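Structure, as structure tokens:
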Amino acid sequence: MSRSSHGALTAANPARRRGRVAMAMLAAGCLAVLIALVANAGAASTTRTTIVLGQTATTPDPSCPELPCQAVGSVTGFQLNNGQAKLPFSVPKDGKITAWTLTLAQPTSKQRSFFNGFFGTPPEARLSILRRIPGTDPPRYNLRSQGSIRVLSPYLGQTVKFGSSLKVAKGDIVALSVPTWAPAFAQSLPANNIWRASREPGKCTNSTDVRQGQPQTKIGQRATYGCRYSTARLLYTATLTEN
């Protein structure tokens, strides 16, 4: 009911009231649809692209325990070509490395004893983020950041995945650093499987030079990558989540 200008009480118009209720419900429904559309648009805009650097359609078997059994050691290295792509570990966009994998051989106890004695124990590895220094030949790389060292003994004979939170920028190289040794290595591959190592030119094949080599371990350190090897591959990948 409503009050008239004369002081008398007048009943409200039921039809008009129902119309106002219907309009209010329609407006509420439109608002709900709009909120849903905005929420979906926001979710779509936050979807981030993930790329697995170094991934190929098939992964070659690591060399051990078959002979000759080989492992990488005392080095930082990365693939120049994995048989399917050039510079497969070059970062295409700014982002973060959120995971990485290693495909590890299962050397025999005798083979493990040899590598432990030659390079040190236990087998271990980490990721390193490099940036090439322009104009250097042989190329030199600056170590921008690095991940935690992972002990590999529990994972021999497996493909293991580790978490990571390393920030990277477009043009960085995601490399594998091996302070001791890691049986994450395939050999006797086509010639377009090429990797580069943190060793001085002329110190690429002699066993003493290889043993005395060093991975990059100090942030800001520069090192020469003077050794280039073909028909072989470092068996790792790195998952990039773009910003």
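It should be emphasised that the depicted structure is a prediction, and the values quoted were computed from it without experimental measurement.
Taking 4.5 Å as the limit, every side-chain heavy atom of Val151 sits out of range of all side-chain heavy atoms of Pro123. Proximity of Leu240 to Thr50: side-chain heavy atoms (C-beta onward) are nowhere separated by under 4.5 Å. A heavy-atom distance below 4.5 Å is found between the side chains of Pro88 and Asn82. With a 4.5 Å cut-off on side-chain heavy atoms, Phe185 and Pro183 do not count as touching. With contacts defined as side-chain heavy-atom distances shorter than 4.5 Å, the pair Val75/Arg199 qualifies. A heavy-atom distance below 4.5 Å is not found between the side chains of Leu176 and Thr76. Taking the side chain as every heavy atom from C-beta outward, Ile51 and Leu53 approach each other to under 4.5 Å. Residues Pro68 and Gln187 have side chains in contact (heavy-atom distance under 4.5 Å, counting atoms from C-beta outward).
Judged by distance alone, with hydrogens and angles left aside, the side-chain atoms of Thr136 form a donor-acceptor pair with the main-chain N or O of Ile133 at under 3.5 Å. For the pair Thr239 (side chain) and Trp100 (backbone), a donor-acceptor distance under 3.5 Å is absent. A side-chain donor-acceptor contact under 3.5 Å links Gln79 to the backbone of Ile194. Judged by distance alone, with hydrogens and angles left aside, the side-chain atoms of Ser63 form a donor-acceptor pair with the main-chain N or O of Gln70 at under 3.5 Å. In this structure, Glu124 contributes its side chain and Leu152 its backbone to no donor-acceptor pair below 3.5 Å. Under a 3.5 Å cut-off, the side chain of Asp172 and the backbone N or O of Ala169 do form a donor-acceptor pair. Panel note: side chain Thr180, backbone Pro122; a donor-acceptor pair is recorded below 3.5 Å. No donor-acceptor distance shorter than 3.5 angstrom exists from the side chain of Glu200 to the backbone of Cys227, with no hydrogens or angles considered. Judged by distance alone, with hydrogens and angles left aside, the side-chain atoms of Gln111 form a donor-acceptor pair with the main-chain N or O of Thr108 at under 3.5 Å. Checked by atom type and distance alone, the side chain of Asn193 never pairs as donor or acceptor with a backbone atom of Leu189 at under 3.5 Å.
To the nearest 0.5 Å, the span separating CD on Gln216 from OG on Ser177 amounts to 7.0 Å. Distance CD/Gln158 to CD/Gln106: 8.5 Å, rounded to 0.5 Å. Atom CD of Gln221 and atom CG of Leu143 lie 7.0 Å apart (nearest 0.5 Å). Distance check, rounded to the nearest 0.5 Å: OG1 of Thr103 to CG of Leu235 gives 5.5 Å. Considering OG of Ser164 and CD of Gln146, their distance stands at 11.5 Å, rounded to 0.5 Å. We find the CG-OG distance between Leu166 and Ser145 to be 5.0 Å, quoted to the nearest 0.5 Å.
Summarising the geometry of Gly220 relative to Asn142, their closest heavy-atom pair is O-OD1, 2.9 Å, with the distance given to 0.1 Å. Annotation for Ala197 and Tyr229: closest pair CB-CE1, 3.7 Å, computed over non-hydrogen atoms. In terms of heavy-atom proximity, Ala71 sits nearest to Trp181 at CB-CE3, 4.0 Å. Taking every heavy atom of both residues into account, Thr237 and Phe89 meet most closely at CA-CE2, 4.0 Å. Across all non-hydrogen atoms, the minimal contact from Ala184 to Leu104 is CB-CD2, 3.9 Å. Heavy atoms only, all atoms of each residue included: Gly95 and Asn243 are closest at CA-OD1, 3.4 Å.
Residues Arg140 and Thr224 bring a donor and an acceptor atom of their side chains to less than 3.5 Å of each other. Of the N and O atoms on the side chains of Thr101 and Thr159, not one donor lies less than 3.5 Å from an acceptor on the other residue. Using modelled atom types, one finds a donor on one side chain and an acceptor on the other under 3.5 Å when comparing Thr56 with Arg233.
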Would Ile129 and Ile173 count as a side-chain contact (heavy atoms from CB on, under 4.5 Å) if you check the C-alpha gap in whole Å, the side-chain angles of each, and the deciding distance to 0.1 Å?
-> CA-CA 6 Å; Ile129 307 302; Ile173 297 292; over 6 Å; no
Worked verdict on Leu234 versus Val72 for side-chain contact (heavy atoms from CB on, under 4.5 Å) = CA-CA 8 Å; Leu234 303 175; Val72 289; 3.5 Å; yes
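Ionic pairing of Lys170 and Asp94 is not present here: no N-O contact between side-chain nitrogen and carboxylate oxygen is shorter than 4.0 angstrom.
When the side chains of ILVMFWY residues are joined at heavy-atom separations under 4.5 Å, either directly or via intervening members, Leu127 and Val52 end up in two distinct hydrophobic clusters.
Atom CZ of Arg228 sits in a sparse spot, with 12 or fewer heavy atoms from other residues, nucleotides or ligands closer than 6.0 Å. Residue Phe162 qualifies as enclosed at atom CZ: its count of foreign heavy atoms under 6.0 Å is above 12.
Ring geometry for Phe78 versus Tyr141: interplanar angle over 60°, hence perpendicular rather than tilted (30 to 60°).
Stacking of Arg211 on the aromatic ring of Phe119 is not recorded, the 6.0 Å distance cut-off and the 45° axial limit not both being met.
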